Amino acid sequence: MEVKRSTIAKILAAVFVFNLVVMAGGAWLAYQEAPPIPEEVVGPDGETVMTGTDIREGKKAFQRDGLMNHGSILGNVAYYGADYTADTLDLKVEHMREFYARERYGSGYGDLDSAEQAAVGDVVQSDLDEGYEGGAIQYSAAEVYAHEQIRAAYVGRYHEGDHAHGVPANMIDDETEARQFADFALWTAWFSHTDRPAGDHSYTNDWPYQPAAGNDATAAAMTWSVVAMVLLVGGAGAGIWLYKSVELPEPSAEGISVPQPGDVSVFPSQRAALRFVPVAAGLFLAQVLLGGLLAHFYIERAGFFGIEELFGVHILQALPFALAKTWHIDLGILWIAATWLGAGLFLPPLLTGHEPKRQSTFVNGLLGAIVVVTVGGLAGIWLGAQGYLDGALWWLVGNEGLEYLEVGKVWQVGLLVGFLAWAALSIRGLKPMLDREPVYGLGHMILYAGGSIALLFTAGFLFTPETNIAVTEFWRWWVVHMWVEGAFEFFIVAIVGLTLVSMNLLTRRSAEKAVMLQALLVMSTGVIGVSHHYWWIGMPDLWVPIGSVFSTLELIPLVFILYEAIGQYRAMAGGGETFPYTLPFMFIVASGVWNFVGAGVLGFFINLPLINYYEHGTYLTVGHAHAAMFGAFGFLALGMVTYMLRIAIRPDRWDGSWLRGAFWLWNVGLALMVFVSVLPVGFLQLEAIFTGSYDAGRSLAFYNRSLVQNLFWARLPGDTMIIAGTALYAADLVRKRFVLRSTADDPDVDDMAVAEGVLGDD
C-alpha cells in the first residue's frame, strides 16, 4: 500500500488539531468538575474546624517544602513517604473507630469483640458516605476528633521531624503551616470518600482503596480493563499489519556508500555543539549518584552506611530525600535535553554543508545560558526548600514543588526561551534544506518535534500555588505525559530518521515518510492518552473509558519503533566490520527495545484501570518510569553522543572500547535494577494493597519487611553498574577531548559527504 508523504502530513496536522481540541474541552471540564474547596468545615455544634484559606495555604506549604518529592498526593509522585491522601484517610478511619468505640462501649476499638467492631465500622462508614451538596462541609463529632488527632500527628512528623519515616526536623518550618498542610491532606481525603452530587462514587472514583471507608474499585475500572485487553490484541495485530502494509524501506548498508568519519569536515558550530556533551555528562553523573543515595534511603531512613556516626554529619538533615529526589529528576531531564539540543545543532552541517555566520558563537551562547538556568534552578530549589525565599519568590525563583516542574517559574521561562533559541539556531543551520523541501520535509519535522516540546511546556504556566490541586495536576500531566508519550517520542523518530539520512542509509524521502507515519501514530494516541492520569485525581469518570482506550493504543507506535530498531540492527549487522557506526547504532537499537519494554509492556500493564487502581503510586510505576525514561530517551541521547564523537574524533585515534563497556554496564545494570529489585517490590506492594488497603502498601511497616529490605539491597549491583558505566563514560569524554579533529576554516557543501545527495534528493 503506497501512501504519499503529503497525505500523511495532512492527516498528521488534522490529528494534532483534533487532539488539542479534545484536551481543551477537557481543560474546561477540569475547572467545572474539580473537587470544591469549601469556605469552611464545621463540626456538629457549628464550630469551625478549618477554612478554605487553610486548605490553600496547606497546598502552598506542600509545594514550597518539597513534600511532593518525599511522599505523594492522590498517588502522584514520590513513594518514599506516605501518600498523604491515603494516610490521612486511613488515620481518619482509625481515629473515628476509636472515638465511637469509647463513646459507645467505653473501651478501645481493638478491645471490642467482632460484632462490636462491625457495628462501629458501620457507623464510621455511614459518616464517611455522606454526600455533599455545597456550602460548608459538615463534620460529625468523630470526624472533628479524627481531624484534630491527625493534625497533631502531622505537626509532630513534618515540623518536629521523624527520622523513622525519613523526615528531617523542620521539613515544614512553621507549626501553623504544618497544621495547614494536614488540613490540605485531609481535604483530599474528604473528597476521596465523598460522593459527587447526584453520583454513586467519590470525586476520585473511590480511590484510594480503603474498604473501611467504603472505597473500592468501581465497575467501570473492571469493564474498561477488559476492553483494554481486547484492544491490546487487536491493536498490536493492527500495528504489525500496518507496518507490513505501508511501504517503508528499511535502512540498509548493502550497496550504499556509507560516509566514513574522516570524509566529512567538522565545522566550528559542530565543535561548539559538542561542548554540550561534557556538560550533560556532568549532570548525568550527579544524577546517578543521587539515585544511589535515594535507593539507599529506603534501607537506612536516616543514614548512609554509618557516615553520620563516623563524621558527625547527619545525611538526612544535610541532604533530605525530597531535595535529593528533586535534583535527581531535574538532572535527568536536563542532561537528556542538553544532549538532544547539542545533537540537533550538530547534525545540520552534515546534511547541508552550511555554516551560518557566527553560528558557533550563538551555540556557545546558548550553552552558557543553559548552564546559568541549570545552576540557578538547582540553587533556587535548595533556597526555596530551606525557607530562604519569602513571599512569591519561593515559587518564582525557588522550588515550585511539582514533579518535573520543580524549578521556579523564572527558570522555567529560561528553559522555554532556550528551546526557542535552539529552534532559531536549527533553522539557520538547516536553511538550505528547509528552502528545498516541502513543509512536511525531514528538516521541518525536527523543528516541529522541538516546537511541540516547547508548546506543551507552556501548560506548566497555567496554574499557581493557589490553584485547586486537581486542576494543577490536570495541567502538570499535560507537560509530563505529553512530553514523554508525545513530543519526546516524536523527537526520537525524527532525530533517528535524520541520523540515518546523514549516514546515507536512507534517502531523505524515505525517512520523511517513516517519520511522519510514526509521528502520526504517536500523536494519535499519546496526547489524549494523558487522560489515564486523571482517573483518581478528582476529575470526572468519563476519563476512565477514554484513558483506557488511548493508553492501550499507545502500544501501536511502540511496535513500529521496535520494528524500526530491528531494521536498524540489520543495517548495522549488514555493514560488516567496515561499518563505522556500529556503536552509535547499538545505543539507538537499545533505545527502541527499552522503549517497547518500559513504555510499552510495563506501561500497558500498569495502565489497566483495575490494576492501576491498586498499583497507582507503587514500585511498579518506578520500574516503568526508569525503563522508559533512561532506557528510551537516555540511550537515544547517548547514541547521538557516540555518533557525534565518532565524527569529531581523529579517525586514527578512535577507540570505542570504553563507550562499549559503559553501554553494557548501563544495560545490564538497568535490567538488574528493574527486574531483580524494583518490579518484585512493586508486586509485593500490589499484594499488600489488594489484601489490606492502599496505605498498607505504602506504609513504613511494609517497607521494613525483611523480604522487601532484601530486595532493596538487591538493587545495589544494578545501581553500582549504572554508576560505574556513567563514570566510565565521563572519563572517556575527558580523554577524547585531546584527540578531536581540527575544524574546517572555510566550510562548503563540497566538504560534506552526504550534503549534496540530501539537498538534491527531491
Side-chain angles (χ1 to χ4, degrees), residues 58-59 61-88 154 157-158 161-168 171-172 181 184-185 188 207-208 287 290-302 315-316 319-333 381-382 384-385 399-407 469 472-473 476-477 479-481 533 536-537 606 615-626 628-630 673 677-678 681-682 685 689 694-695 697-700 702-704 708 712 715 719:
K59 179 175 180 280
F62 160 73
Q63 290 183 224
R64 180 179 57 250
D65 295 303
L67 286 153
M68 196 179 207
N69 271 319
H70 184 275
S72 58
I73 196 79
L74 299 167
N76 289 327
V77 198
Y79 317 129
Y80 174 69
D83 178 80
Y84 312 117
T85 304
D87 184 47
T88 51
Y154 268 46
R157 185 189 300 175
Y158 296 107
D162 185 345
H163 284 188
H165 283 84
V167 182
M171 186 170 188
I172 300 178
F181 168 60
F184 167 66
T188 67
W207 187 93
Q287 187 212 8
L290 284 171
L293 173 64
L294 293 172
H296 190 76
F297 265 134
Y298 282 87
I299 300 168
E300 287 186 86
R301 289 258 155 180
I315 188 69
L316 182 65
L319 189 58
F321 182 94
L323 182 58
K325 184 177 185 294
T326 300
W327 281 346
H328 175 72
I329 290 173
D330 286 354
L331 288 168
I333 298 172
I381 287 171
W382 186 84
N399 173 38
E400 191 179 5
L402 300 170
E403 188 187 37
Y404 290 102
L405 296 172
E406 285 91 353
V407 297
I469 185 62
T472 297
E473 284 295 275
R476 187 179 72 86
W477 281 116
V479 179
V480 178
H481 177 98
H533 295 289
W536 327 122
I537 66 169
I606 67 172
E615 174 280 332
H616 181 52
T618 67
Y619 252 60
L620 291 175
T621 303
V622 176
H624 156 68
H626 281 78
M629 187 70 179
F630 177 50
M673 182 187 77
S677 175
V678 172
V681 171
Q685 276 184 291
I689 292 168
Y694 181 82
D695 190 56
R698 290 283 302 274
S699 66
L700 189 61
F702 171 82
Y703 286 135
N704 285 339
V708 174
F712 284 147
R715 182 172 168 172
D719 282 359

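Everything numeric here is computed off the predicted structure, so don't read it as measured data.
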- Any donor and acceptor pair, going by atom type alone, linking the side chain of His70 with main-chain N or O of Pro320 inside 3.5 Å? no

- Gap between atom CG of Leu405 and atom CD of Glu400 - 0.5 Å precision: 6.0 Å

- Message: Which heavy atom of Gly697 sits nearest to which heavy atom of Phe702, and what is that distance?
- Response: O-CD2, 3.5 Å

- Task: Please assess Glu300 against Ile315 for the test side chain to side chain contact (heavy atoms under 4.5 Å, CB included), listing each intermediate value before the final yes or no.
- Result: CA-CA 10 Å; Glu300 287 186 86; Ile315 188 69; over 6 Å; no

- For the residue pair Arg698 and Ala78, what are the closest heavy atoms and their distance? NH2-O, 3.0 Å

- For Arg157 and His165, indicate whether the former's side chain and the latter's backbone hold a donor-acceptor pair under 3.5 Å. no

- Item | Min side-chain heavy-atom separation Thr326-Trp382 under 4.5 Å | no

- Item | Contact check, side chains of His616 and Asn76, non-hydrogen atoms, under 4.5 Å | yes

- Query: Closest heavy-atom contact between Ala185 and Thr88?
  - Reply: O-OG1, 3.3 Å

- Message: Quick check: closest heavy atoms across Ala322 and Met171, and the distance to 0.1 Å?
- Response: CB-CE, 3.8 Å

- Item | Straight-line distance of Ile689 CD1 to Thr618 OG1, nearest 0.5 Å | 6.0 Å

- Query: Would you say the side chain of Ile172 lies within less than 4.5 Å of the side chain of Leu67, judging by non-hydrogen atoms?
  - Reply: yes

- Message: Over 60° means perpendicular and under 30° means parallel, so tell me whether Phe712 and Tyr298 are parallel, tilted or perpendicular.
- Response: tilted

- Measure up the Phe181 and Phe62 rings against each other and bin them: parallel (under 30°), tilted (30 to 60°), perpendicular (over 60°). parallel

- Task: Before giving the answer on side chain to side chain contact (heavy atoms under 4.5 Å, CB included), spell out for Phe184 and Ile73 the whole-Å C-alpha distance, their side-chain angles and the decisive distance to 0.1 Å.
- Result: CA-CA 10 Å; Phe184 167 66; Ile73 196 79; 3.9 Å; yes

- Task: Return the minimal non-hydrogen interatomic distance between Val77 and Ser72, and the atom names on each side.
- Result: N-CB, 4.0 Å

- Cation-aromatic face contact Arg301/Tyr80, 6.0 Å, 45 degrees: yes

- First locate atom CG of Leu74, then atom OG1 of Thr188, and finally report the distance between them rounded to the nearest 0.5 Å. 5.5 Å

- Item | Asp83 side chain to Gly75 backbone, donor-acceptor under 3.5 Å | yes

- Task: Could you walk me through whether Arg715 and Val681 pass the side chain to side chain contact (heavy atoms under 4.5 Å, CB included) test, one step at a time?
- Result: CA-CA 11 Å; Arg715 182 172 168 172; Val681 171; over 6 Å; no

- Nearest 0.5 Å please: distance from the NE2 atom of His328 over to the CG atom of Leu290. 7.5 Å

- Task: Ignoring hydrogens and angles, tell me if any N or O in the side chain of Arg64 forms a donor-acceptor pair with the backbone of Gly384 under 3.5 Å.
- Result: no

- Could you state the interatomic distance from CD (Glu615) to CG (Leu620), rounded to the nearest 0.5 Å? 5.0 Å

- Message: For the OG1 atom of Thr85 and the OH atom of Tyr694, what is their distance to the nearest 0.5 Å?
- Response: 9.0 Å

- Item | Polar side-chain atom of Gln685 near backbone of Tyr619 as donor-acceptor pair, under 3.5 Å | yes

- Message: Can a donor-acceptor pair be found, under 3.5 Å and without considering hydrogens, that links the side chain of His296 to the backbone of Gly292?
- Response: no

- Task: Could you tell me which non-hydrogen atom of Asp695 sits nearest to which non-hydrogen atom of Asp87, and how far apart they are?
- Result: OD1-CA, 3.4 Å

- Test side chain to side chain contact (heavy atoms under 4.5 Å, CB included) applied to Glu403 and Lys325, step by step: CA-CA 9 Å; Glu403 188 187 37; Lys325 184 177 185 294; 3.3 Å; yes

